[in-house]
Amino acid sequence: MFVLVEMVDTVRIPPWNFQRQLNDAISEELNKKLANKVVYNVGLCLCLFDITKLEDSYIFPGDGASHTKVHFRYVVFHPFLDEILVGKIKYCSQEGVHVTMGFFDDILIPPESLQQPAKFDEAEQVWVWEYETDEGAHDLYMDQGEEIRFRVTDEIFLDMSPTGPTAATPDTPAQPGQSTAPPAEDSGQKKEAPYTLIGTICEPGLGLLSWWNS
């Protein structure tokens, strides 16, 4: 679930931090830059583990800060495929069950990966597992806050690097003073997560089932 990733970066230390120990100043700057951020194809960065090498520091003309190339190791949340994790149901939607681990919320269990047979209750906005027993079927609701155990089956990284403005098409060239911003309905689209885990429920999967069996 958690891995150590070796990284290299050039860290800028502003002049007002020169009185501090170099390692402390660099550690603070690295955590400011990376902590709680997703690095593409790496995972969710959590905190600095250690600094393995410091190269020479330089001060460039026009900039009073020092620039140091740093080799370091960072603690990253990046579960391997088929790893089993425990989280809590954050909410349910037609897309499936959304799970949180407290520090990471972008986990989705799609409908086909739920325990079957399952149905979505539109009124309650929850998924319901129709649990079969000797006495017949019983509806077990996947309520918000319920503990859930799931297996990681896939991961999705999205490159969130900024892109340039959309160029006007040759058929409709932009006129002077004309806005090239996307329409309001496009701007209001749901923001996609840079890193998403896709999972499937493990047996027994739900705290509800333990409650029912007891």
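Note that these values count all heavy atoms, side chains included, but never hydrogens, waters or copies made by symmetry.
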- prompt: Tell me, do Arg151 and Cys202 make a side-chain contact under 4.5 Å, heavy atoms counted?
  reply: yes

- request: Check whether any side-chain heavy atom of Val70 sits under 4.5 Å from a side-chain heavy atom of Ile51, and report yes or no.
  value: yes

task: Kindly say whether Ile156 contributes a backbone atom to a donor-acceptor pair with the side chain of Thr196 at under 3.5 angstrom?
output: no

Beyond-backbone contact of Phe157 with Val42, side-chain heavy atoms, under 4.5 angstrom: no

- prompt: Is Asp143 close to Val126 at the side-chain level, that is, under 4.5 Å between some pair of heavy atoms?
  reply: yes

message: Tell me whether Val8 shares a hydrophobic cluster with Val76, the cluster being built from Ile, Leu, Val, Met, Phe, Trp, Tyr side chains joined at under 4.5 Å.
response: no

- prompt: Which word best sums up how the rings of His78 and Tyr195 line up, parallel for under 30°, tilted for 30 to 60°, or perpendicular for over 60°?
  reply: perpendicular

query: Out of curiosity, does Ile198 fall in the hydrophobic cluster containing Phe104 (side-chain heavy atoms, cut-off under 4.5 Å, transitive links)?
result: no

- prompt: Can you tell me how far the CG atom of Asn31 sits from the SG atom of Cys47, to the nearest 0.5 Å?
  reply: 7.0 Å

query: Does CD belonging to Glu6 count more than 12 external heavy atoms closer than 6.0 Å?
result: no

field: Minimal non-hydrogen separation, Ala65 against Pro14, with atom names
entry: CB-CA, 3.9 Å

- prompt: Taking the side chain as C-beta and beyond, is there a heavy-atom pair between Val97 and Leu114 under 4.5 Å?
  reply: yes

- prompt: Centroid-to-centroid, Phe103 to Phe77, below 6.0 Å?
  reply: yes

query: Under 3.5 Å, is there a donor-acceptor pair between the side chain of Thr10 and the main chain of His67?
result: no

message: Using the side-chain contact (heavy atoms from CB on, under 4.5 Å) criterion, which residues pair with Pro117? Sequence neighbours excluded.
response: Glu130

- prompt: Does a donor on one side chain and an acceptor on the other come within less than 3.5 Å for Ser66 and Ser57?
  reply: no

- line: Excluding Tyr58, membership of its hydrophobic cluster (Ile, Leu, Val, Met, Phe, Trp, Tyr; side-chain heavy atoms within less than 4.5 Å) reads Phe60

query: Heavy-atom count around Lys37 NZ within 6.0 Å, excluding the residue itself: above 12?
result: yes

query: Can you tell if the side chain of Phe80 reaches within under 4.5 Å of the side chain of Val152, non-hydrogen atoms only?
result: no

message: Distance check, rounded to the nearest 0.5 Å: Thr200 atom OG1 versus Phe150 atom CZ?
response: 11.0 Å

- line: To the nearest 0.5 Å, atom CG of Leu108 lies from atom NZ of Lys90 at 12.0 Å

query: Leu85 and Met142: same hydrophobic cluster, using ILVMFWY side-chain contacts below 4.5 Å?
result: yes

- request: To the nearest 0.5 angstrom, please state how far the CG atom of Leu34 sits from the NZ atom of Lys32.
  value: 13.0 Å

- prompt: Applying the 4.5 Å side-chain criterion to the ILVMFWY set and letting contacts propagate, would Leu81 and Val86 be lumped into a single cluster?
  reply: no

- request: Give the C-alpha distance, both sets of side-chain angles, the deciding distance and a yes or no for side-chain contact (heavy atoms from CB on, under 4.5 Å) between Glu146 and Tyr141.
  value: CA-CA 9 Å; Glu146 286 288 345; Tyr141 288 80; over 6 Å; no

field: Atom pair CG (Asp106) and CE (Met101), whose distance is rounded to the nearest 0.5 Å
entry: 12.5 Å

message: If you compare all heavy atoms of Met160 against all heavy atoms of Pro194, which two are closest, and at what distance to 0.1 Å?
response: CG-CB, 3.5 Å

message: Using side-chain heavy atoms (C-beta onward) and a distance below 4.5 Å, is Ile13 in contact with Ile26?
response: yes

task: Under the salt bridge (charged side-chain N to carboxylate O under 4.0 Å, His left out) rule, what do Glu29 and Lys33 come out as? Steps first, then yes or no, please.
output: CA-CA 6 Å; Glu29 293 298 322; Lys33 181 176 182 179; over 6 Å; no

statement: Heavy atoms of Gly199 and Ser113 approach each other most closely as O-CB, 3.5 Å

task: Would you tell me whether Thr100 and Asp105 have side-chain atoms, one donor and one acceptor, within less than 3.5 Å of each other?
output: yes

- request: Taking Tyr74 for its side chain and Ala35 for its backbone only, find out whether a donor-acceptor pair lies under 3.5 Å.
  value: yes

Audit row: Asp9, Lys69, salt bridge (charged side-chain N to carboxylate O under 4.0 Å, His left out) steps and yes/no: CA-CA 6 Å; Asp9 195 9; Lys69 189 172 183 180; over 6 Å; no

message: Let me check something: do Ile201 and Met1 share a hydrophobic cluster, defined by ILVMFWY side-chain heavy atoms less than 4.5 Å apart, either directly or through other members?
response: yes

task: Nearest 0.5 Å please: distance from the CZ atom of Phe72 over to the CE atom of Met7.
output: 6.0 Å

- prompt: Quick one: does Asp50's side chain get under 4.5 Å of Leu48's, heavy atoms only?
  reply: no

query: Can you check whether Cys92's main-chain N or O pairs, donor with acceptor, with Gln144's side chain at less than 3.5 Å?
result: no

task: Search all heavy atoms of His98 against all heavy atoms of Glu95 and return the closest pair with its distance.
output: CE1-OE1, 3.6 Å

Donor-acceptor under 3.5 Å (Ser27 side chain, Asn23 main chain): yes

message: Counting only heavy atoms from other residues, nucleotides and ligands, does the tally under 6.0 Å from CD of Gln21 exceed 12?
response: no

